[in-house]
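Working notes, beginning with the structure itself.
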2 protein chains.
Amino acid sequence: MPRDTGGMARTVELLWGVRTPRGTRGPRPGLSVEAITRAALAIADAEGLGAVSMQRVAKDLGYTTMSLYNYVPSKDQLVELMIDAATPPPPVPEDGDGWREEVEHWVRATWDLYHAHRWVLKVPTVHAPLGPNQMAWFEALLHGLSRGGLEGAEVMAVAQHILASARGQAALAIDLATGEDGATADFGEAMLRLATSDRFPTLHGLVAAAKPGGFDVGAEMYAGLRLGVRLLLDGVEGHVERAAPSRP
Amino acid sequence: MPRDTGGMARTVELLWGVRTPRGTRGPRPGLSVEAITRAALAIADAEGLGAVSMQRVAKDLGYTTMSLYNYVPSKDQLVELMIDAATPPPPVPEDGDGWREEVEHWVRATWDLYHAHRWVLKVPTVHAPLGPNQMAWFEALLHGLSRGGLEGAEVMAVAQHILASARGQAALAIDLATGEDGATADFGEAMLRLATSDRFPTLHGLVAAAKPGGFDVGAEMYAGLRLGVRLLLDGVEGHVERAAPSRP
DNA sequence: ACCGAGCAATGTATCCGATACAGAGTTTTA
DNA sequence: TAAAACTCTGTATCGGATACATTGCTCGGT
């Protein structure tokens, strides 16, 4: 259990660069939060989260391990920073797009984002988007959704719903595609052998039906995500119409 | 990076109790996979995943750390076992229930389940439900959904969608409620301060609107989850009707 | 009964990784 | 120009996972 190396206040400070204005004394700093974050991010992108250790980051930067602690209070915080740093500006909605298209583009972009930084999905603790970039990304989703006509709290609920789905599907897809954790390619085999028709009738049926021919897990799962989102948005439309039948 | 302590084959073996029939020789085993799993589970439930170490589990059982490795090839595998062990038999659909009710009950049960074992949401790598209990739980969802009239692959897609949402919402709710990782109660405050109306107009609006009065995060978020699921199921209904308008 | 194969438990040792702490050297400011 | 405020460094501690060698059962075959 990591100690209270600052709590949320500190995290936020770091994420938003509101660093307590350290005096102008002492030697010229050779490092910076940004440099450290960048280095860590590079490692994670290239070799996975497991390869990111304070020692490793420091070595890549040509400094001592402990020097990092002058800028970042703990590794957990560093990971926090990495996540935000991995998040680019959100997709810009195209001019003619309806709100549904805007949302669907967002979903696609999110899918791609997770694929570009698979390690993000391995970070255990997930909280609300705290950093500026994460927040901006989420804001983009809210923007699209809010055009759909939902009431305040509903927008938030549906947004979280979509975010969770995207994340979950991406995580699964990546896990199935990359045979990392031991959940490997021979997954279908095991499924078929284990999901016997007596104990798991529905599952068995589905797996058996899907069996014919190896298939592209990624594409398959993205299609699934897409379908889910579409159905959800259908539901949203219906809901909005029902609530406010006063529309031209 | 944990070595290949068995791969999925081994994992599955363990989860399903298909242990290679170890000869009948040698001293009477004092431990068992089940006992170890139970002990670990108890620790996690009581003190969180962070408190679970091989040393700790062994100590609780009154054995040496290394003796555990006679039964469980690695800690990762143990966690896998814990997750499956934490999953009880799925909710049984009540007789008069329509398929939507069945699904919604499932969602509720899942929500409760995650709350009963918060640590599960902190396990980084998530794969398809592999263990028998996990599989049974998922099967229950598939069962409900399949009654809705979706086509094979669609059932799977929507099921994963729902599972991901439930998991995501629960994770967030728990994270906000439990001030664990540093994301603490003063969350709303920070939100308001950071989500300025110029950079995050929509978010700002929503947060500001929701502000009046502290509120029950848990209830609030469950309502959100529920709404999302309902809208999704609305979408499913529409989709099914559209696809097969031939129904009494 | 007897012996050796096969296995359970132990104890010890290694190898990280995070992070506390105590200098040593560098600027700045009073 | 000395003290203050820092940045880096080096070293040390504290877990945690897990390899390995050892000890001592216990059973199956004689």
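Below, read A as the first sequence line, B as the second, and so on, with proteins coming before strands; counting in each chain starts at 1.
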How many whole angstroms separate atom [atom1] of [X] from atom [atom2] of [N]?
X	N	atom1	atom2	value
L31(A)	dC6(D)	CG	C1'	14 Å
I36(B)	dA8(C)	CD1	P	11 Å
L78(A)	dT19(C)	CG	C1'	14 Å
K59(A)	dT9(D)	NZ	P	15 Å
L68(B)	dT18(D)	CG	C1'	11 Å
R56(A)	dC15(C)	CZ	P	20 Å
N70(B)	dT18(D)	CG	C1'	13 Å
D76(B)	dG16(D)	CG	P	16 Å

N/O donor-acceptor pair under 3.5 Å between [X] side chain and [Y] backbone:
X	Y	answer
W106(A)	W137(A)	yes
S32(A)	A35(A)	yes
W119(B)	E47(B)	no
E139(B)	L203(A)	yes

Closest-nucleotide ordering on DNA chain C, the 5'-leading residue of P29(B) and S53(A): P29(B)
Contact nearer the 5' end of DNA chain C, comparing T64(B) with V52(A): T64(B)
Residue [X], side-chain heavy atoms: nucleotide from [options] that is nearest:
X	options	answer
K75(A)	dT9(D), dA18(C), dT18(D)	dA18(C)
Y69(B)	dA18(C), dC8(D), dA17(D)	dA17(D)
M66(B)	dT7(D), dT18(D), dA9(C)	dT18(D)
Y71(A)	dT19(C), dA9(C), dC8(D)	dC8(D)

N or O in side chain of Q55(B) less than 4.0 angstrom from dG15(D) OP1/OP2: no
So, [X] versus [Y]: side-chain donor-acceptor pair below 3.5 Å or not?
X	Y	result
E80(A)	H127(A)	yes
H161(A)	S165(B)	yes
D198(A)	T196(A)	yes

Touch class at under 4.0 angstrom, heavy-atom based, for M54(A) against every strand present: sugar-phosphate
Sugar-phosphate or base contact per nucleotide [nucleotides 22-30 of chain D; S, B, -; heavy atom under 4.0 Å]: --BBBSS--
